[in-house]
Amino acid sequence: IQMPPSEAVQDMIFLSLGMRRLASDIGFIRLMEYYGTPEESSEGHSHATGYGSGSYPEIYPRALHILSLDPYYRRVCLYAAGALAFNLDRSEEAIKILQYAMRWDPQELNYKSYLAAIGYQKAKDPVKVAEFLTPVALSPECPSMIKQLVAFLNKKAGRLQEALKIYEDILLTTQDSGYQNQAAQQIKYLREQLKIGGKKK
C-alpha cells in the first residue's frame, strides 16, 4: 500500500514506539480530511463535490493501510466502506475492505449488514438497503457521515419515522456543528410531515 513519504515516515516512528493505535487514529483523521476536501479539477482548480460525488481514489488504499495498523478499527471500516459503496458507486472496493476486516472480526454484525445492503443496492432495492443500514446507523461506532447518509436513504425510501430516529441520534451524539444543524432542520421537517400524515389518516 503506497502512502505519501511523510505519512509513511510518521507511521514508522509511531510503530517503532509501540503506538499502533495512535498511528491508526491519525490515519483516520487524514482519511476524513481527504474525503471532506474538494478535489482538484483537471485544470487544477478546486471544485465542490460534497459527499456523493467526485472520485477520491485514495479512500480504498488509505482505509486498508489504517486497517493493516489496527484491523479491529470498526469506525474506519464503516466509514470507508460506506463512502465507497453508497456515495461513490465503488461497491467492489467496499466489499474488499469489509472482507479484510471480517478476517479479524468475523462476528461483527454491522459488517454483515453492510454486505447485505450492498447486495440489495445492486438489486436496486432502496427500501431494503435502508432497512439493513438503519441498525448500523444507530450503533455507537457508526461515524456521523454514515448516520447522515442512512437517514437520507430512509427519507428517500419513504421511511420517515426511521429517518427521524437517526437524525435525532445525530443531534445527540455528534459534536460537529454542520451535522447538528442539518439534523435539526431535518427533524423539524420530518416531525411536520409525520404530523400531517397522521392527521390525514
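Here the structure is a predicted model, which means the values were calculated and not measured.
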State, yes or no, whether a side-chain contact exists between [X] and [Y] at a heavy-atom distance under 4.5 Å.
| X | Y | value |
| --- | --- | --- |
| Arg74 | Asn110 | no |
| Met102 | Gln99 | no |
| Ile59 | Glu93 | no |

For [Y], is there any backbone N or O sitting under 3.5 Å from a side-chain donor or acceptor partner on [X]?
| X | Y | value |
| --- | --- | --- |
| Thr174 | Ile170 | no |
| Arg90 | Ser55 | yes |
| Tyr114 | Leu78 | yes |
| Asn154 | Val150 | yes |
| Tyr34 | Glu58 | yes |

Locate the shortest heavy-atom distance separating [X] from [Y]; write the atom from each residue and the value.
| X | Y | value |
| --- | --- | --- |
| Trp104 | Tyr72 | O-CE2, 3.1 Å |
| Ala81 | Ala94 | O-CB, 3.5 Å |
| Leu84 | Ile97 | CD1-CD1, 3.5 Å |
| Gln121 | Val129 | N-CG2, 3.4 Å |
| Gly82 | Ile146 | CA-CD1, 3.6 Å |
| Lys147 | Ser139 | NZ-O, 3.4 Å |

Rounded to the nearest 0.5 Å, what's the gap from [atom1] on [X] to [atom2] on [Y]? Could you check?
| X | Y | atom1 | atom2 | result |
| --- | --- | --- | --- | --- |
| Leu88 | Tyr60 | CG | OH | 14.5 Å |
| Ile166 | Thr173 | CD1 | OG1 | 11.0 Å |
| Cys77 | Glu141 | SG | CD | 10.5 Å |
| Leu149 | Asn87 | CG | CG | 5.0 Å |
| Leu64 | Ser68 | CG | OG | 8.0 Å |
| Leu190 | Gln161 | CG | CD | 9.0 Å |

Open item on the list: Working note: Asp176 + Ser144, criterion side-chain contact (heavy atoms from CB on, under 4.5 Å); need CA distance, chi angles, decisive distance, verdict.
Closed with: CA-CA 9 Å; Asp176 188 300; Ser144 297; 5.8 Å; no
Tell me whether the count of non-hydrogen atoms from other residues, nucleotides or ligands lying under 6.0 Å of [atom1] in [X] goes above 12.
| X | atom1 | value |
| --- | --- | --- |
| Tyr100 | OH | yes |
| Lys122 | NZ | yes |
| Lys112 | NZ | yes |
| Phe152 | CZ | no |

- [ ] Determine the interplanar angle of the Phe28 and Tyr79 rings, folded into 0 to 90°, and report it as parallel if under 30°, tilted if 30 to 60°, perpendicular if over 60°.
- [x] perpendicular
- [ ] Carefully, step by step, assess Glu131 and Glu162 under the rule side-chain contact (heavy atoms from CB on, under 4.5 Å).
- [x] CA-CA 9 Å; Glu131 182 180 320; Glu162 289 78 5; over 6 Å; no
Task: Steps toward side-chain contact (heavy atoms from CB on, under 4.5 Å) verdict (Asp25, Tyr73) - done: CA-CA 9 Å; Asp25 282 340; Tyr73 206 156; 2.7 Å; yes
Task: Worked verdict on Asp70 versus Val76 for side-chain contact (heavy atoms from CB on, under 4.5 Å) - done: CA-CA 10 Å; Asp70 184 355; Val76 170; over 6 Å; no
Open item on the list: Quick check on the hydrophobic clustering: are Leu194 and Ile187 connected, directly or via other members, by side-chain heavy-atom contacts under 4.5 Å?
Closed with: yes
Open item on the list: Looking at Glu168 and Arg191, is there a salt bridge between them, counting it only when a charged N and a carboxylate O are closer than 4.0 Å?
Closed with: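 Between Glu168 and Arg191 there is a salt bridge, with a charged N closer than 4.0 Å to a carboxylate O.
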